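Because the structure is predicted, anything quoted here is derived from the model rather than measured.
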Amino acid sequence: MIRLKEYAGYISLNPINGVIFPSYIQNQMNKAFIENELSGKFYMSTNENMYSDNKIVLNSLILEKNRLSGITMLSAFSLPEKFKVRKKIYSNLIKNKKKIYFIFEKFGIENKKDIDFIEEYLMFRHNFFTKKKTSLTLEEKKNFIDSSWSFI
């Protein structure tokens with residue numbers, strides 16, 4: 001008998017691009033992704049505590065000595081904001097031979113090469129790309145405005 005690989009769903013109630021996805025929706029999406037895309041066995045999703053910066057639940061899924069092959073989550077933007085915390089997660093993934101898959105992005109971390117790709121992708125979470133800009137600083141005006149432009 002072929003034994004299916006087991007994957008756990010991970011639920012983060014932090015906003016993804018300003019949208020908070022309810023936990024029951026995330027659970028359904030994790031289950032469908034694991035069964036349909038990974039052809040694996042679904043292990044119940046767990047919620048991350050919103051008040052913690054340490055991602056205790058995510059770390060425990062990675063560090064526990066169990067049969068889990070990996071973890072699924074809605075988006076790479078569900079990973080911690082702090083690089084130091086993400087770096088620890090990456091290290092533990094590699095050390096424990098587990099994988100993380102991101103449903104929205106349709107990719108994941110399976111090896112060390114994938115970490116660089118994820119980090120470049122997460123760069124777009126930075127305020128430079130997400131903060132609404134209503135005016136330019138003096139430095140920006142000096143360097144980015146061409147006097148030959150005409151404004152309507």
Please find the pair of heavy atoms, one from [X] and one from [Y], that lie closest to each other, and give the distance.
X	Y	result
Leu122	Leu79	CD1-CD1, 4.1 Å
Leu61	Ala8	CD2-CB, 4.0 Å
Ser39	Leu4	O-CD2, 3.5 Å
Ile71	Tyr7	N-CD2, 4.3 Å
Phe83	Glu119	CD1-OE1, 3.4 Å
Gln26	Ser12	NE2-O, 2.9 Å

Under the side chain to side chain contact (heavy atoms under 4.5 Å, CB included) rule, what do Asn92 and Lys95 come out as? Steps first, then yes or no, please. CA-CA 5 Å; Asn92 288 333; Lys95 185 169 61 176; 3.8 Å; yes

Verify side chain to side chain contact (heavy atoms under 4.5 Å, CB included) between Leu74 and Met29, making sure each step is shown before the conclusion. CA-CA 8 Å; Leu74 289 191; Met29 292 175 75; 3.7 Å; yes

Drop me the distance from [X]'s [atom1] to [Y]'s [atom2], to the nearest 0.5 angstrom.
X	Y	atom1	atom2	result
Ile100	Ile89	CD1	CD1	6.5 Å
Ser78	Asn14	OG	CG	8.0 Å
Lys112	Ile94	NZ	CD1	6.5 Å
Ser69	Lys97	OG	NZ	12.5 Å

Using modelled atom types and a 3.5 Å cut-off, is there a donor and acceptor pairing between side-chain atoms of Asn27 and backbone atoms of Ser23?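 No; judged by distance alone, with no hydrogens or angles, the pair does not exist.
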
Counterpart residues, side chain to side chain donor-acceptor pair (under 3.5 Å), relative to Thr72 (two or more places apart):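 Residues passing side chain to side chain donor-acceptor pair (under 3.5 Å) with Thr72: Asn30.
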
Pairing residues for Asn66 by the side chain to side chain donor-acceptor pair (under 3.5 Å) criterion, not counting sequence neighbours: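 Glu64, Lys98.
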
Spell out, yes or no, whether Leu63 and Tyr90 are grouped together once hydrophobic residues are joined by side-chain heavy atoms under 4.5 Å, including indirect joins.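 No, no single cluster joins them.
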
Is there a side chain to side chain contact (heavy atoms under 4.5 Å, CB included) between Lys5 and Arg67? Walk through the geometry before answering. CA-CA 8 Å; Lys5 290 184 176 182; Arg67 295 189 307 241; over 6 Å; no

Distance-only check: which donor-acceptor pairs under 3.5 Å involve side-chain atoms of residues 102-111, not counting sequence neighbours?
residue: Glu105; atom: OE1; partner: Ala76; partner atom: N; Å: 3.1
residue: Glu105; atom: OE2; partner: Ser75; partner atom: OG; Å: 2.6
residue: Glu105; atom: OE2; partner: Ala76; partner atom: N; Å: 3.3
residue: Glu105; atom: OE2; partner: Tyr121; partner atom: OH; Å: 3.0
residue: Glu110; atom: OE2; partner: Tyr101; partner atom: OH; Å: 3.0
residue: Asn111; atom: OD1; partner: Lys113; partner atom: N; Å: 3.0
residue: Asn111; atom: OD1; partner: Asp114; partner atom: N; Å: 3.2

